Amino acid sequence: MEQNVARDKAKALLNDYLEMNNHRKTPERYAILDAIASMDEQFSLDQLMEKLTGELRFPVSRATLYNTMNLFVKLRIVFRHRLASKTTYEFCQFEGGNIHQVCSNCGKIVLLQSSEVEDAIEKMRLKRFKRDGFAVYIYGICSTCQAKITRKKNNEK
C-alpha cells in the first residue's frame, strides 16, 4: 500500500478515536503521525525524537512522545516490538497482516511477504470473532549472526 494512503487511513482512525472520546486534536499528535509514516524501517523513540526535532523542526516533550506512541499502539497505527535488548516501533501499513522475521541474537526485524501464510490465516474459521488484521513473529538467528557464531566456534578449536 502506498505510504500516503496508509498515512491517510491512520489519520482517519486517529480522528475517529479522538472525536468519539472527546479528546483534543493536537498538532503534536499529527506531527508524530506524519514523522512515523515517513519512516521506512523500524525505529526507536530516540530516532523518532531526532526526526521530529531535527529534520521536521517540531520539538515535542518526551512525555508527549511516550503518551502518543502508547495511543498509536492501542489504535494499531504502530506495532511495538519488545525484544530483550531494545524496543522498536514500526508504522502499520494497514494491509491485512504483517509477518516479521526476528533475530533472537541481534534483534533485527525483517518484514516478510508470504501469500501462503496470508491465505492460511484468511481461511481460518474463528468462532465469534471478526478478524481485521494479524501479526506473525518468526524467531531465529539471522545469517549475519549465524556466521559470527560459526566463526567464533571455528576460532575456539
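All values derive from a computational prediction rather than experimental measurement.
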_For a side chain to side chain contact (heavy atoms under 4.5 Å, CB included) check, start with the C-alpha distance between K51 and S38, then their side-chain angles and the critical distance, and finish with the verdict._
CA-CA 10 Å; K51 184 167 188 83; S38 71; 2.8 Å; yes
Calculate, to the nearest 0.5 Å, the distance between atoms [atom1] and [atom2] belonging to [X] and [Y] respectively.
{"X": "I109", "Y": "K86", "atom1": "CD1", "atom2": "NZ", "result": "7.0 Å"}
{"X": "R82", "Y": "T88", "atom1": "CZ", "atom2": "OG1", "result": "11.0 Å"}
{"X": "L13", "Y": "D8", "atom1": "CG", "atom2": "CG", "result": "12.5 Å"}
{"X": "E28", "Y": "S61", "atom1": "CD", "atom2": "OG", "result": "8.0 Å"}
{"X": "F43", "Y": "H81", "atom1": "CZ", "atom2": "NE2", "result": "9.0 Å"}
{"X": "I149", "Y": "K152", "atom1": "CD1", "atom2": "NZ", "result": "9.0 Å"}

_Aromatic plane relationship, H23 with Y17 - under 30° parallel, 30 to 60° tilted, over 60° perpendicular_ =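 Rings of Y17 and H23: parallel, as their planes differ by under 30°.
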*With sequence neighbours left out, what residues match Y30 under ring-ring contact (aromatic ring centres under 6.0 Å, His included)?*
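Applying ring-ring contact (aromatic ring centres under 6.0 Å, His included) to Y30 gives none.
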_Side chain R62, main chain M49, donor-acceptor under 3.5 Å_ =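 It does not hold such a pair.
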*With no hydrogens and no angle check, is any side-chain donor or acceptor of Q47 less than 3.5 Å from a backbone partner on S44?*
yes
*Is I121 close to V136 at the side-chain level, that is, under 4.5 Å between some pair of heavy atoms?*
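They are in contact (side-chain heavy atoms under 4.5 Å apart), so the answer is yes.
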In terms of hydrophobic clusters joined by side-chain contacts under 4.5 Å, are [X] and [Y] together?
{"X": "M124", "Y": "I99", "result": "yes"}
{"X": "V73", "Y": "V60", "result": "yes"}
{"X": "L111", "Y": "I138", "result": "no"}

*Of L45, L48, I77, I36, which meets side chain to side chain contact (heavy atoms under 4.5 Å, CB included) against Y89?*
L45
*Take Q42 and K108 through the test side chain to side chain contact (heavy atoms under 4.5 Å, CB included) and record every step on the way to the result.*
CA-CA 9 Å; Q42 291 90 23; K108 181 179 178 183; over 6 Å; no
*Would F58 and D34 satisfy side chain to side chain contact (heavy atoms under 4.5 Å, CB included), going step by step from the backbone distance to the final call?*
CA-CA 11 Å; F58 197 103; D34 287 339; over 6 Å; no
For [X] against [Y], the heavy-atom pair lying closest together:
{"X": "L52", "Y": "A35", "value": "CD2-CB, 3.8 Å"}
{"X": "C92", "Y": "A6", "value": "O-CB, 4.4 Å"}
{"X": "C103", "Y": "I141", "value": "SG-CA, 4.0 Å"}
{"X": "M69", "Y": "R80", "value": "O-NH2, 4.4 Å"}

_Tell me if the CD atom of E41 is crowded by more than 12 foreign heavy atoms within 6.0 Å._
no
*Before giving the answer on side chain to side chain contact (heavy atoms under 4.5 Å, CB included), spell out for R29 and L71 the whole-Å C-alpha distance, their side-chain angles and the decisive distance to 0.1 Å.*
CA-CA 10 Å; R29 287 182 174 132; L71 174 62; 4.1 Å; yes
